[in-house]
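Structure record follows, encoded as structure tokens.
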Amino acid sequence: MDQDINYIEIEKKWQSKWAESHSHSPNFTNLEDKFYCLTMFSYPSGDKLHVGHWYNYGPVDTYARYKKMNGANVFQPQGFDSFGLPAENYAIKHGIPPAKSTNLNISKMKSQLQQIGAMFDWSNELNTSDPKYYRWTQWLFLQLYKNGLAYQKTAPVNWCPSCKTVLANEQVKNYPSKKDKPAPGLSYNGCDRCKTEVVKRDLKQWFFRITDYAEELLANLDDLNWPTKTKHMQKNWIGKSVGAEIEFSVKDTDSKISVFTTRPDTIYGATYIVLAPEHLSVKELATSQNSANIDAYILEARNKSEIERLAADKEKTGVFTGAYAINPFNDEEMPIWISDYVLISYGSGAIMAVPAGDERDFEFAKKFKLPIITVVSEDGQPNESGICYSDHGICLNSENLNGLTSEDAKVLICDELKSRDIGGAKTQFRLHDWLISRQRYWGAPIPIIHCDDCGAVAVHDGDLPVQLPTDIEFSSTYGEDISPLATSESFLNADCPNCNKPAKRDPDTMDTFVCSSWYYLRYPNANIDTEAFDGSRLNWLPVDLYVGGAEHATMHLLYARFITKALRDFGFLDFGEPFKRLIHQGTITKDGAKMSKSKGNTVSPDKFIERYGSDTFRAYLMFMGPFDEGGDWNDKGITGISRFLGKVVNICSRIDRKYTSDVSTIKLVHKAIKYVGQDLDQLKFNTAISKLMELSNVLIKHDSIDEFTVKSLILLLAPIAPHLSEELWSLHFNSDNSIFTESWPIYNESKIVDDEIQIAVQVNGKHRGNIRIEINQNKESVLGMAKSLETVAKYLSSGNLVKEIYVPNKIVNLVVKP
RNA sequence: GCCGCAAUGGUGGAAUUGGUAGACACGCUGGUCUUAGGAACCAGUGCUUUACGGCGUGGGGGUUCGACCCCCUCUUGCGGCACCA
């Protein structure tokens, strides 16, 4: 090799040059070409960057640099999602306050992020645990509170006994139960962070009214340039069901029971009612001779773990209350039962059971010998008894509905329910309000003061931030009965902002997902202290490209959409969707498994960066496969990229400014410009690199390389290997300017056109030979050439040519029959 | 159980979206240079066959002159939801 490049040295050199020239800060006043390119910020754990960080940030930076060379005014900020449990647990273990360890970790992580050599604009850095940031998180809370979207209620909530805090629904996952767990082969609900089985607790907590936006969150999905998988997950999570609400009166009482059903057309087949064991009406409905049974059943249900209740193949259980409801359409008496197959958390916690049309009701009815009346069948004729038909069809045994389709019957029933004022059409969502209280220290305090006289009172905006106290003793026992903040008298005691009487601050902190639900709005405003955001800087929103892991589909990405819509409705924003385009980077695995410290299969980027440099490392990650699919790490593969970059260095050293390359080389260069650009445009980094490899494999065979070719090669490589490209650029073009102030090269379409091409000749669809033709050569002569091929002629002579197909400039296919 | 996505050489992956399957790279084999090579470079490399040829994109079927690509069906893997009425 003619020149040795010390990658480590040039990387340091160019990184400091970029920093000195502030080349990564955008011109905020130029909105026309703005490109807000955002990767999800990360938690500063104190560990070194892992391959996943590099795989997230490296390729996205390549795209950002490509956009910049194409004239975009790129804003690529970076920051830290630094509130959260690990720092607090670290404090409990080692006695180091979270603020201290977090700041240390941030500075460590920042210097490592800088090694990537990405165009991060550090002048607009964010840190969610900084009072300058969480002041505005608290402001956000108050905006939601003042607009009725934040409220307190007592509800059975998910509690993680290990993390010692409540969790939002989105943070509870269904995990398969391992061998050593109580229910092998089944599943259980566990904490998203630590997989510990969650338990239900009745607690008074703060919620954000995300369900108010359920319909819009669902409807707007269609217009988003997001992965369909993610849109699907959000759609399922929101879980819209269209049906009816029906009110049943209880015989001999004034009580009413309201149910939700998606099948009001089956009302004549509803033969009993089932309440969830937690249903509030259970106690009052229970007749004295049944109350002992009922109490026992409720107790049993409460003591059952989630695992047991979730077991889908479990036999149905239940008890009769002794009470009866009246079917408002045929005045039949319907026994009211209690069973844990009805969930208190969905709908009204009560159902009308139609055993002939619902598998679960059918199973229950058979077990408890309840009547089964067929009310829908495929053709409206009675089907064989003893089966359950849950599809839509034609009504029967349903008085005035008989003969109608299920769809028509639904409309009729809903209309009647409404006119009789006992229900009507209703849409039900699976989505629940977002529980944001956390019984932990290291989060943004909820800016509310509880006053005996005035109730929950908002802290005045001018008194924000409500700062975290520092006189907290970190203990492994806190969190059971009391939030850590409640142990600080100095924090807890405050005067009511309303009446000035002594009162108590809310002792909980906010879910860290609240911090991240709005940070993308703050980046362009990071240095504005007087307000959360400035109108002119908000013009940088929405984010043009957002990149991050798919695991956030129903958490962060849903919350962020909700907060954006809420802030729009409060008048702060003029858009309702935060992320125009979303991409999930894939996962890098090792031997097919996710990398994790516990498995001991992590790959440390360090040893590869020390040996090959960060350009080579990031280029290899991009070359492994499609960006959104990730791939399996292979120690050897990186040598391919290393060789390729070596070749490029070698080729550039052969620059000869007086030399003119031959036509075919020039053609190759123009093709490379076209196709590398096309690929980068679509974030197809792997094929972009392979096209550069093809070019360099040809160029390396030449002793002299013309200037245009060298120039183009370096420019095309620049987004992929930024440090090396800067070095080669300054070496061969003596430019004082960064290569990233240069424009992306322009190809000439006329130089790409081939005038002679090779096409395939097939006989009966089988490839039998190739011919070289002039582009757009007439059909007759092409067919003539094809037929005269020796390997083709022999098939023609042994059969009859029945059809000749010629797709211009593509293929000849001759159909021969014996 | 329901919904979504995927399956291509020894390996990672390409394929202008219905037109020469396997680009590019790893690995492997042979070679050059070297005291040495886990360096660098060159050549070869889907399977099968001495060859002509045959076979080949998870299995089976279909549409078509022609299918990795479209349709049906099955298998396997991954992800999501899961007694949601």
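Since the structure is predicted, the reported quantities are computational estimates derived from the model, not experimental observations. Each chain gets a letter, A, B and so on, in the order its sequence line appears, and its residues count up from 1.
Using a 4.0 Å heavy-atom distance criterion, A/Gln758 is classed as a base contact. At the heavy-atom level, A/Val807 lies under 4.0 Å from base atoms of the strands shown.
For B/A43, the paired base is B/U29 (Watson-Crick or G-U wobble, both distances below 3.5 Å). Base pairing annotation: B/U75 forms a Watson-Crick or G-U wobble pair with B/A7, both donor-acceptor distances under 3.5 Å. Nucleotide B/A67 forms no Watson-Crick or G-U wobble pair with any nucleotide shown, as no partner meets the under 3.5 Å limit on both distances. B/A85 is unpaired under the criterion used here, namely a Watson-Crick or G-U wobble arrangement in which both key atom distances are under 3.5 Å. Of the nucleotides present, B/G80 is the one that pairs with B/C2 by Watson-Crick or G-U wobble criteria, both distances under 3.5 Å.
Judged by closest nucleotide on RNA chain B, A/Val812 is the one of A/Met233 and A/Val812 placed further toward the 5' end. Both A/Lys684 and A/Ile689 lie near RNA chain B, and the one whose nearest nucleotide falls closer to the 5' end is A/Lys684.
Here, B/G46 and B/C24 have their P atoms 12 Å apart, quoted to the whole Å. Distance noted for atom C1' between B/U11 and B/C81: 35 Å (whole Å). As rounded to the nearest Å, B/G79 and B/U63 have C1' atoms that lie 32 Å from one another. Using P as the reference atom, B/C69 and B/G59 are 11 Å apart when rounded to the nearest Å. Taking atom C1' in both B/G27 and B/G22, one finds a spacing of 16 Å when rounded to whole Å. Of the P atoms belonging to B/A85 and B/A6, the separation is 28 Å, rounded to the nearest Å. Between B/G62 and B/A15, the distance separating the two P atoms is 30 Å to the nearest Å. For the C1' atom pair drawn from B/A39 and B/C52, the interatomic distance equals 44 Å after rounding to whole Å.
The glycosidic torsion of B/U17 lies within 90° of 0, which places this base in the syn conformation. Look at B/G4: its glycosidic torsion is beyond 90° from 0, and that puts it in the anti range.
Residue A/Lys173 places no side-chain N or O under 4.0 Å from the OP1 or OP2 atom of B/A82. Close to B/C26, at under 4.0 Å from its OP1 or OP2, lies a side-chain N or O of A/Arg643. Contact annotation: A/Thr639 side-chain N/O to B/A25 OP1/OP2 distance is not under 4.0 Å. An OP1 or OP2 oxygen of B/G54 is reached within less than 4.0 angstrom by a side-chain nitrogen or oxygen of A/Arg768. A/Lys803 has a side-chain polar atom (N or O) that falls below the 4.0 Å cut-off from OP1 or OP2 of B/C65. For A/Asn697 and B/A25, the shortest distance from a side-chain N or O to OP1 or OP2 is below 4.0 Å.
Distance, A/Leu275 CG to B/A85 C1': 13 Å, rounded to whole Å. Rounding to whole angstrom units, CD1 of residue A/Ile651 and P of B/C41 are separated by 11 Å. Computed from coordinates, the A/Lys235 NZ to B/G4 P distance equals 10 Å when rounded to whole Å. When rounded to the nearest whole Å, the span between OH of A/Tyr346 and P of B/A82 equals 12 Å. Rounded to whole Å, atom C1' of B/G13 lies 14 Å from atom CG of A/Asp679. Following rounding to the nearest Å, A/Ile757 (CD1) and B/G19 (P) show an atom-to-atom distance of 15 Å. Following rounding to the nearest Å, A/Ile720 (CD1) and B/A25 (P) show an atom-to-atom distance of 14 Å. Distance A/Met785 CE to B/U20 P: 18 Å, rounded to the nearest Å.
Atom OG1 of A/Thr587 and atom CG of A/Asp632 lie 11.5 Å apart (nearest 0.5 Å).
The pair A/Asp755-A/Lys667 fails the salt-bridge criterion, with no side-chain N (NZ, NE, NH1 or NH2) lying under 4.0 Å from an Asp/Glu carboxylate O.
In terms of heavy-atom proximity, A/Ile811 sits nearest to A/Tyr806 at O-CD1, 3.4 Å. In plain terms, the two heavy atoms of A/Val51 and A/Val603 that are nearest each other are CG2-O, 3.1 Å.
For A/Lys636, whose side chain is taken as the heavy atoms from C-beta onward, the closest listed nucleotide among B/C24, B/G27, B/U20 is B/G27. Among B/G19, B/A43, B/C55, the nucleotide with an atom closest to any side-chain atom of A/Ile805 is B/G19. Here the nucleotide nearest the side chain of A/Lys794, chosen from B/C52, B/A25, B/U20, is B/C52. You'll find that the side chain of A/Lys766 is closest to B/C55, out of B/C55, B/U20, B/A25. Comparing B/C24, B/C83, B/C3 by their nearest atom to the side chain of A/His232 picks out B/C3. Distance from the side chain of A/Asn686 is smallest for B/A14 among the nucleotides B/A82, B/A25, B/A14. Relative to the side chain of A/Glu694, the nucleotides B/A23, B/G19, B/C41 differ in distance, and B/A23 lies closest.
Applying the ring-ring contact (aromatic ring centres under 6.0 Å, His included) test between A/Tyr620 and each of A/Tyr55, A/Trp633, A/Phe685 identifies A/Trp633 as the sole match.
A/His556 and A/His552 have perpendicular rings, their planes meeting at more than 60° on a 0 to 90° scale where under 30° would count as parallel.
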Would A/Asn327 and A/Tyr268 count as a side-chain hydrogen bond (donor to acceptor under 3.5 Å, both in side chains) here? Give the steps. CA-CA 8 Å; A/Asn327 187 325; A/Tyr268 289 96; over 6 Å; no
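In this structure, A/Lys316 forms no cation-pi arrangement with A/Phe364, as its terminal cationic atom is not both closer than 6.0 Å to the ring centre and no more than 45° off the ring axis.
For A/Lys316 against B/C83, a side-chain N or O and a base N or O form a donor-acceptor pair under 3.5 Å. Within 3.5 Å, a donor on the side chain of A/Asn813 pairs with an acceptor on the base of B/C65, or the reverse.
Side chain to side chain, A/Thr230 and A/His584 meet the donor-acceptor criterion of an N or O pair below 3.5 Å.
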